[in-house]
Amino acid sequence: MLQVSYIRDNREKVLERLAVKNFKQSELVDEVIQLDNDRRQTQNRLDGVSAEANSAAKQIGELMRTGKKDEAEAIKTKTGAWKEEIRALGDKLAVVEDELQQKLLLLPNLPHVSVPKGITPEDNEVVLEHGSKPNLPANALPHWELAVKYKLIDFELGVKITGAGFPVYIGKGAKLQRALIAYFLDEAEKAGFAEVIPPLVVNEASGFGTTQLPDKEGQMYYINEDKLYLIPTAEVPVTNLYRDVILKADDLPVKNCAYTQCFRREAGSYGAHVRGLNRLHQFDKVEIVQVAHPDNSYDVLEQMSAHVQGLLQKLQLPYRVLRLCGGDMSFSSALTYDMETWSAAQQRWLEVSSVSNFETFQSNRLKLRFRNAEGKMQLAHTLNGSALALPRIVATLLENNQTGRGIKIPEVLVPYTKFEWIE
RNA sequence: GGAGAGAUGGCAGAGUGGUCGAUUGCGGCGGUCUUGAAAACCGUUGACUGUUAAAGGUCCGGGGGUUCGAAUCCCUCUCUCUCCGCCA
């Protein structure tokens, strides 16, 4: 959520930045400013009347104590009008504040100056491409066929016990999952991220804090009985660890990593492009999260991007890095890099990581602050990234590493899988 | 699921109608002392809003009510804890 004070002081800039995100309802900005003026004016009047009423109440107390009952009663006769006014102004203030909040929630985060203009994924900027695309033999199989051939994943069994998008990993397929998770966690730890194991279900306040709620409500599984949401990413519980927290400047940056399963309803996305592991309702992911000082959060973003790329390099997967254009970015991000691996059998890029700086968009909702060098409260910046999401990594590994003998496990994973080949 | 207790500042824990934004202790910060540190002693230490700065206003889990005045009384919701039951 944007800060009203910033909008108030930087109207032109806000409009200009929103345009990069192709945000159409620019009139909302002026509505917010208008409501904020209204809010402050109402607050001022309310404060004035409250001050009078407070001092009268104090006087009455004093008079009662000193036995001057008549004088006290005289003052009491005047309090009725204040009371009414306080109530009326208070009601109005509540309405205005609510309206202001509703409008504010509709404004997306402002994109960083480096964000390219654009509308569709085709407008994303390819920052770099790394590694060469393997040339597979003519009879190369897509991962969903490899998974069946080598008995790694049973999609139909998943359909039976749950539904589409909930695969059952079996045999070496299950071990490969476990190996990747352990490997990613170890690498994150080496990079200074402290591991946590958070809950997989969160309450409404957490969903709001990291901006999944209210707008993306339909994308999360909801447990009606307990009013809890299944997490779509570890970003939600891990970032919310710092909700309502005031850090010291020395505490920054805070670095956490977490492995969790992630649950996404993915309502309305069915078809050939979601086959196999390409898009699931439940999947495994190691997430890295940082709370950073605003002065260096973009350096932190680059470090996180480098960490993710390091993983892809060690796994020897060809990948590219995209800087998302204004139109393709998420509502709450200020700058996002997507990492995509080349899935050789499908002949397409698969997104395996998304690394974002949210600046103060989340921390404003989270009330995540730190005391700066001047001793003043300041909102921290939050960032997160997948490092990495498993299914598409597995898809790419299977497809790219298929040989006549079987599937070759990348060297760095062998200590974890304890086998070199899937045959 | 049944029964009970509770929710106050970073933590612990006072406070049953006015002088309470809130005693005190711990912790934090600053200082004295010390070669340095510890101990001891002294001081200081909530957030939000608002203003050039003040003043002022709001906040004692959330919401509502009684009252001139509520942390304190009433209603309601939520959450937490304890015991019993069930159970990995």
Side-chain angles (χ1 to χ4, degrees), chain A residues 1-9 32-101 104 197-209 213-214 222-229 237 240-252 254 261 291 360 362-380:
Chain A
M1 191 163 62
L2 295 175
Q3 292 167 86
V4 188
S5 55
Y6 183 86
I7 298 175
R8 196 198 302 157
D9 299 338
V32 163
I33 293 172
Q34 183 52 51
L35 282 166
D36 181 53
N37 284 337
D38 202 0
R39 194 207 97 229
R40 285 188 295 161
Q41 205 176 53
T42 308
Q43 181 81 62
N44 263 332
R45 288 165 58 200
L46 175 61
D47 288 356
V49 183
S50 297
E52 284 187 88
N54 285 347
S55 101
K58 244 174 211 164
Q59 275 183 51
I60 291 170
E62 186 63 32
L63 292 170
M64 297 291 265
R65 220 170 308 109
T66 52
K68 297 173 182 166
K69 226 176 163 191
D70 293 347
E71 289 181 47
E73 290 301 327
I75 296 176
K76 272 198 201 182
T77 59
K78 295 194 285 187
T79 58
W82 288 328
K83 230 179 153 176
E84 261 177 57
E85 203 174 350
I86 286 173
R87 173 172 289 270
L89 287 168
D91 288 350
K92 185 186 173 192
L93 186 63
V95 170
V96 172
E97 279 180 339
D98 186 61
E99 254 181 88
L100 176 60
Q101 171 85 353
L104 264 181
I197 301 180
L200 302 182
V201 290
V202 294
N203 56 29
E204 189 187 349
S206 294
F208 178 79
L213 296 175
Y222 183 59
I223 303 166
N224 192 48
E225 192 76 10
D226 298 296
K227 299 189 182 354
L228 296 171
Y229 296 85
N240 270 281
L241 296 176
Y242 304 96
R243 172 152 49 87
D244 293 318
V245 166
I246 299 168
L247 295 163
K248 290 182 224 138
D250 292 347
D251 296 332
L252 302 174
V254 173
Q261 289 170 322
V291 180
T360 59
Q362 291 183 327
S363 61
N364 190 29
R365 289 200 194 181
L366 293 162
K367 294 190 173 59
L368 165 48
R369 294 163 292 175
F370 70 100
R371 214 176 283 280
N372 65 21
E374 292 89 58
K376 290 199 170 171
M377 290 295 182
Q378 199 179 338
L379 291 172

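Reminder, nothing fancy here: chain letters follow the sequence lines and each chain counts from 1.
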For rU8(B) and rA47(B), measure between their C1' atoms and round to the nearest Å. 14 Å

Does any part of the side chain of Arg39(A), heavy atoms only, come nearer than 4.5 Å to the side chain of Leu93(A), both counted from C-beta? yes

Measure the distance from CG on Asp226(A) to P on rG1(B) and round it to the nearest whole Å. 9 Å

Can you tell me how far C1' in rA71(B) sits from the matching atom in rG4(B), rounded to whole Å? 24 Å

Under the 3.5 Å Watson-Crick or G-U criterion, the dot-bracket string of RNA chain B, with | for inter-strand pairs: ((((((((.[[[..)..(.....]]]((((((.......))))))((((......)))).[[[[[..)....]]]]])))))))....

Using the P atom as the reference point in each nucleotide, state the distance between rU58(B) and rG69(B) in Å, no decimals. 12 Å

Determine: side-chain N/O of Asn54(A) to OP1/OP2 of rU58(B), distance under 4.0 Å, yes or no. yes

For rG65(B), take OP1 and OP2 only and decide whether either is under 4.0 Å from a side-chain N or O of Arg87(A). yes

Whole angstrom is fine here: how far is it from CZ in Phe370(A) over to P in rG10(B)? 19 Å

Considering only the P atoms, how many Å lie between rU76(B) and rC84(B), rounded to the nearest integer? 29 Å

Would you mind telling me which residue lines up with the more 5' stretch of RNA chain B, Ser50(A) or Gly61(A), judged by nearest nucleotide? Gly61(A)

Does Arg45(A) reach a base, just sugar-phosphate, or nothing at all? Heavy atoms under 4.0 Å. nothing

Using the C1' atoms only, state how far rU34(B) lies from rC20(B), rounded to an integer number of Å. 41 Å

Rounded distance in Å between the C1' positions of rC79(B) and rG61(B): 7 Å

Respond yes when some side-chain nitrogen or oxygen of Arg369(A) is under 4.0 Å from OP1 or OP2 of rC48(B), and no when none is. yes

Residue closer to the 5' end of RNA chain B, Asn44(A) versus Glu52(A) (nearest nucleotide): Asn44(A)

Examine the base of rG56(B) for any acceptor or donor lying under 3.5 Å from a partner atom in the side chain of Asp47(A), and report the outcome as yes or no. yes

Would you say the side chains of Asp47(A) and Ser50(A) form a donor-acceptor pair under 3.5 Å? no

Rounding to the closest angstrom, what is the interatomic distance between rU23(B) and rA37(B) at atom C1'? 33 Å

When all nucleic acid strands are considered with a 4.0 Å heavy-atom cut-off, which category describes Ala56(A): base, sugar-phosphate, or nothing? nothing

When the P atoms of rC68(B) and rU49(B) are compared, how many Å lie between them, rounded to an integer? 33 Å

Just checking Ile75(A): base, sugar-phosphate only, or nothing, at a heavy-atom cut-off of under 4.0 Å? nothing

